[in-house]
Amino acid sequence: MSCRAASLHALMLFWRWRAPPFPLPEAGAYWLARRFRVLPFVGQLANPKNPMKQMTPLEELRHSASHILATAILRLYPEAKLDIGPPTDAGFYYDIDLDHKLSLEDLEKIEAEMKKIVKENQRFERQEVSRDEAIELIKKIGQERYKLGRLEDIPEGEEISFYRNGEFIDLCAGTHVKYTSKVKAFKLLNIAGAYHRGDEKNKQLQRIYGTAFPNKEELATYLKNLEEAKQRDHRKLGREQKLFHIDEAVGQGLVLWTPKGSIIRQELQNFISEELRQQGYDQVFTPHIGKLGLYRTSGHFPYYKESQFTPIVENDELEHLAHEGCSCAQLSNMVDKGEVDGFLLKPMNCPMHIKIFDSQRHSYRDLPIRLAEFGTVYRWEQSGELNGMTRVRGFTQDDAHIFCTEDQLASEIHGCLDLVKKVFGTLGMNDYRVRLSLRDPDSTKYVGRPEAWDKAEAALREAVQVLGVPYNEEPGEAAFYGPKIDFVVKDVIGREWQLGTVQVDYNLPERFELSYIGADNQEHRPVMVHRAPFGSLERFTGVLIEHFAGNFPVWLSPEQVRILPITDDQLEFAQEVQKKLQAAKIRVSIDSHSDKFGAKVRRAEMEKVPYMFVIGKNEAAEGNVTIRSRVNKAHDGAKPADEAIGLILEQIAEKALPVLEEKA
RNA sequence: GCCCUUGUAGCUCAGUCGGUAGAGCACUUCCUUGGUAAGGAAGAGGUCGGCGGUUCAAAUCCGCUCGAGGGCUCCA
């Protein structure tokens with residue numbers, strides 16, 4: 001497939017700019033759904049190393065509901081091939097292989113059939129069999145396509161059991177409720193594609209999600225909570241409060257920070273900058289693109305290629321190659337092999353910071369050197385993965401790289417962890433978990449020597465133990481160049497997002513042959529620490545919007561005070577007060593609409609302005625304002641304007657967290 | 001990228017059986033100057049995501065495509 005200059009060029013342009021201008025999308029209503037985490041014991045089937053655990057009553061209930069689901073499916077679609085149907089932390093699912101594409105209408109039918117089965121009050125019966133009997137039984141019920149594989153997962157010597165209810169029988173470790181009638185409150189929620197055994201190379205099955213509770217009330221509460229959670233979705237609040245905008249014409253996953261959102265971002269940056277100054281970091285700036293060679297040295301280009309935007313090759317080079325009859329495939333190959341040079345939109349900041357470090361000779365006396373940058377990086381995320389501000393293609397990290405000696409490593413890691421803790425604590429984000437992300441020894445996606453990895457992993461493990469917070473070790477979660485400690489939080493619908501991160505890296509210093517001169521006058525290799533307490537400003541802000549449900553603390557609020565004159569007669573005094581507030585560097589506006597007072601209050605409430613200064617006839621006469629806040633809705637008496645301003649300044653200086661009314 | 005769902009005004013939505021579009025909020029103007037979550041009136045605003053097809057006629061039916069939502073996979 002060879003192409004001429006024009007089409008080759010067009011193709012390269014196409015690769016570079018994949019965002020044609022299309023009209024703005026409409027945010028469709030999203031279906032009740034959430035990411036379910038499969039409970040550990042389910043691994044009994046998938047992962048024979050896990051010991052069998054007794055299910056809790058709720059798990060039994062949901063597991064039984066999934067069997068009832070499978071029973072109903074086989075009644076309606078006898079040709080369906082079943083895979084697995086475990087309970088999860090929020091419900092259950094069953095994966096089935098069925099040519100008929102299930103629709104939401106089908107779900108209703110299936111649910112109706114399930115209700116019948118519940119009414120039939122079938123008994124769940126356990127049956128233990130030998131391996132040969134199991135094979136025979138699976139063949140007899142015509143479910144050999146997936147169940148035989150699942151059977152093979154059960155190690156020799158372990159008990160093999162089936163569960164039967166009515167006409168349905170399924171390879172299953174259990175346990176179950178006694179009768180189908182125990183499953184009183186359940187609901188099928190949605191259909192999704194799911195690869196068999198979670199492997200992209202395998203066939204995609206149809207997964208039906210549902211949930212079940214001991215009674216109708218709990219189910220109703222769950223569904224209601226799900227609805228309410230959607231009210232604080234950062235995409236909804238971001239639009240309503242004009243915090244950010246994503247425009248098709250600009251490109252998928254590329255965030256436009258609107259003026260109000262920019263204030264939040266700027267405040268967050270100021271906050272972190274101040275901390276960095278105190279902790280001895282140096283601020284740097286680096287460009288958005290760099291030569292491919294740089295990223296070959298770092299390993300990004302080979303190891304991280306799928307996640308990057310296509311390299312940028314210069315026009316002259318392209319035309320020259322096209323004249324020589326170079327095909328697109330050849331070009332791509334040459335770029336890969338380094339025979340053609342180009343530039344890469346940077347996927348990470350580290351190589352640039354490394355080059356700053358390496359631009360000078362360093363003595364051990366200089367170390368640690370801490371280079372910090374709000375660095376914007378670009379990554380080619382799969383379209384199906386993009387999500388508001390939390391998963392995007394261009395984002396700014398509050399990044400820094402520390403170059404230190406082996407001896408300094410522990411205290412540097414501790415410094416970073418403290419910083420992350422401080423950031424989270426200041427914002428009242430206490431609901432996070434700590435993940436020690438290690439390499440998967442069986443994978444080839446990592447650079448560097450195993451010994452370097454071992455050292456780095458040990459250093460982080462020790463640090464996180466000293467930190468004294470609960471954590472879990474997760475192999476396979478490491479960055480390609482090193483292990484990390486991640487701070488992970490959940491969004492409103494239960495999805496987990498990695499925010500702050502601290503990573504130890506022995507590999508990049510080696511790849512870039514970094515060195516410093518030690519006390520012995522010999523060259524030594526420094527160790528690198530990568531860290532970002534927010535992770536990315538986009539993701540962090542998205543999570544923050546949901547965390548506060550749009551009710552930002554005063555120091556972060558785009559508008560901190562709104563002055564509400566009761567009538568136009570107070571406008572003059574309102575402007576005086578506004579000037580005072582502005583002089584105190586408080587973000588303030590006056591609502592001078594010709595609305596009734598109640599409407600002004602309503603508008604400010606809906607826009608979640610933390611403080612309203614009410615100015616009526618009485619206040620104006622005495623130089624007072626009456627404060628209406630989120631806690632104290634009204635009637636706290638009038639105060640002199642200066643005193644009121646003092647109160648606000650105090651809140652800002654303290655970075656006080658919002659105190660809201662008790663929520664139902 | 002894959003599976004399901006979805007796309008009508010800035011926002012939230014209605015639009016019956018195909019007969020060239022409606023509401024509320026927001027916006028503009030005018031009236032109204034009011035004490036803690038919506039005062040009144042008028043006006044402006046959309047070739048129904050895009051392209052193609054079926055039809056005398058398409059927002060409505062079909063195909064392709066782009067975007068969005070949920071899930072899977074991935075996630076440095």
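Below, read A as the first sequence line, B as the second, and so on, with proteins coming before strands; counting in each chain starts at 1. The basis for the numbers below is simple: all heavy atoms, side chains too, and nothing from hydrogens, waters or symmetry mates.
- A/Arg603 comes within contact range of no nucleotide atom at all, as no heavy-atom separation falls under 4.0 Å.
- If you take atom P in B/G18 and the same atom in B/C61, they sit 8 Å apart, rounded to whole Å.
- Of the listed nucleotides (B/U36, B/G1, B/G67), B/U36 has the atom at the smallest distance from the side chain of A/Arg628.
- Ion pairing between a basic and an acidic side chain is recognised when a charged N comes within 4.0 Å of a carboxylate O; A/Lys109 and A/Asp106 show such pairing.
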Pairs: protein N or O with nucleotides 38-41 of chain B N or O, under 3.5 Å:
residue	atom	partner	partner atom	Å
B/A38	N7	A/Arg602	NE	3.3
B/A38	N7	A/Arg602	NH2	3.3
B/A38	N6	A/Arg602	NH2	2.5
B/A38	N1	A/Arg602	NH1	3.1
B/A38	N1	A/Arg602	NH2	3.3
B/A38	N3	A/Arg602	NH1	3.2

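- Judged by distance alone, the side chain of A/Thr396 and the main-chain N or O of A/Leu537 form no donor-acceptor pair under 3.5 Å.
- With sequence neighbours excluded, the residues that form a side chain to side chain contact (heavy atoms under 4.5 Å, CB included) with A/Gln241 are A/Leu237, A/Leu243, A/Lys608.
- Mapping A/Gly253 and A/Glu200 onto RNA chain B by nearest heavy atom places A/Gly253 closer to the 5' end of the strand.
- Note on A/Lys617: a base of the nucleic acid sits closer than 4.0 angstrom, heavy atoms only.
- A/Ile354 pairs by the side chain to side chain contact (heavy atoms under 4.5 Å, CB included) definition with A/Phe403, A/Leu508, A/Phe512, A/Leu514, A/Met528, not counting sequence neighbours.
- Nucleic acid contact for A/Asn618: base, since at least one base atom lies under 4.0 Å from a heavy atom of the residue.
- Between A/Asp247 atom CG and B/G7 atom P there is a gap of 20 Å when expressed in whole angstrom units.
- For A/Arg391, counting side-chain heavy atoms from C-beta on, the closest listed nucleotide (B/G35, B/C27, B/C74) is B/C74.
- Looking at heavy-atom distances under 4.0 Å, A/Ala194 makes contact with sugar-phosphate atoms alone, never a base.
- In this structure, CD of A/Glu538 is placed 16 Å from C1' of B/C75, rounded to the nearest angstrom.
- With hydrogens and angles ignored, a donor-acceptor pair closer than 3.5 Å exists between the side chain of A/Asp568 and the base of B/U33.
- For RNA chain B, if you chain together Watson-Crick or G-U pairs that step i with j, i+1 with j-1 and so on, the runs of at least three with distances under 3.5 Å are B:1-7 with B:66-72, B:10-13 with B:22-25, B:27-31 with B:39-43, B:49-53 with B:61-65.
- If you take CG of A/Asp199 and P of B/C72, they are 15 Å apart, rounded to a whole angstrom.
- Comparing B/G71, B/G35, B/G67 by their closest approach to the side chain of A/Glu248 singles out B/G67.
- Computed from coordinates, the A/Leu254 CG to B/G67 C1' distance equals 14 Å when rounded to whole Å.
- The C1' atoms of B/G22 and B/C66 are separated by 27 Å, rounded to the nearest whole Å.
- Here the side chain of A/Thr501 pairs no donor or acceptor atom with the backbone of A/Gly535 at under 3.5 angstrom.
- Note: NZ (A/Lys101) to C1' (B/C2) measures 10 Å, nearest angstrom.
- Judged purely by atom type and a 3.5 angstrom limit, A/Gln206 uses its side chain to pair as donor or acceptor with the backbone of A/His100.
- Residues forming a side chain to side chain contact (heavy atoms under 4.5 Å, CB included) with A/Lys617 (at least two apart in sequence, or on another chain): A/Gln570.
- Under the ring-ring contact (aromatic ring centres under 6.0 Å, His included) criterion, A/Phe343 pairs with no residue, sequence neighbours left out.
- Side-chain N/O atoms of A/Arg207 and base N/O atoms of B/C3 include no donor-acceptor pair closer than 3.5 Å.
- Looking at heavy-atom distances under 4.0 Å, A/Gln308 makes no contact with the nucleic acid at all.
- Where A/Gln397 and A/Arg393 each meet RNA chain B at their nearest nucleotide, the meeting point lying more 5' is that of A/Arg393.
- Sequence neighbours left out, the pairs with a member in residues 527-541 of chain A that pass salt bridge (Lys or Arg N to Asp or Glu O under 4.0 Å) are A/Arg265-A/Glu538.
- Distance, A/Leu188 CG to B/U5 C1': 16 Å, rounded to whole Å.
- Using a 4.0 Å heavy-atom criterion, one finds that A/Gly198 contacts the sugar-phosphate atoms exclusively.
- Applying the salt bridge (Lys or Arg N to Asp or Glu O under 4.0 Å) test to every pair with at least one member in residues 498-511 of chain A, sequence neighbours left out, gives these pairs: A/Arg449-A/Glu510.
- To the nearest angstrom, C1' of B/C2 lies 15 Å from CG of A/Asp97.
- Judged by distance alone, with hydrogens and angles left aside, A/Tyr195 brings a side-chain donor or acceptor within reach of the base of B/G1, the pair sitting under 3.5 Å.
- Residue A/Gln382 has no polar side-chain atom (N or O) positioned under 4.0 Å from OP1 or OP2 of B/C2.
- The CG atom of A/Leu386 sits 10 Å away from the P atom of B/G67 (whole-angstrom rounding).
- Residue A/Ala478 is classed as a sugar-phosphate contact, given heavy-atom separations below 4.0 Å to backbone atoms only.
- Here the nucleotide nearest the side chain of A/Gln204, chosen from B/G34, B/C2, B/C74, is B/C2.
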Quiz prompt | Stepwise side-chain contact (heavy atoms from CB on, under 4.5 Å) test for A/Phe597 and A/Val614 | solution = CA-CA 10 Å; A/Phe597 182 65; A/Val614 177; 3.5 Å; yes
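- Take A/Phe301 and apply the ring-ring contact (aromatic ring centres under 6.0 Å, His included) test, not counting sequence neighbours, and it matches no residue.
- The side chain of A/Glu381 sits closest to B/C75 out of B/C75, B/U36, B/C11.
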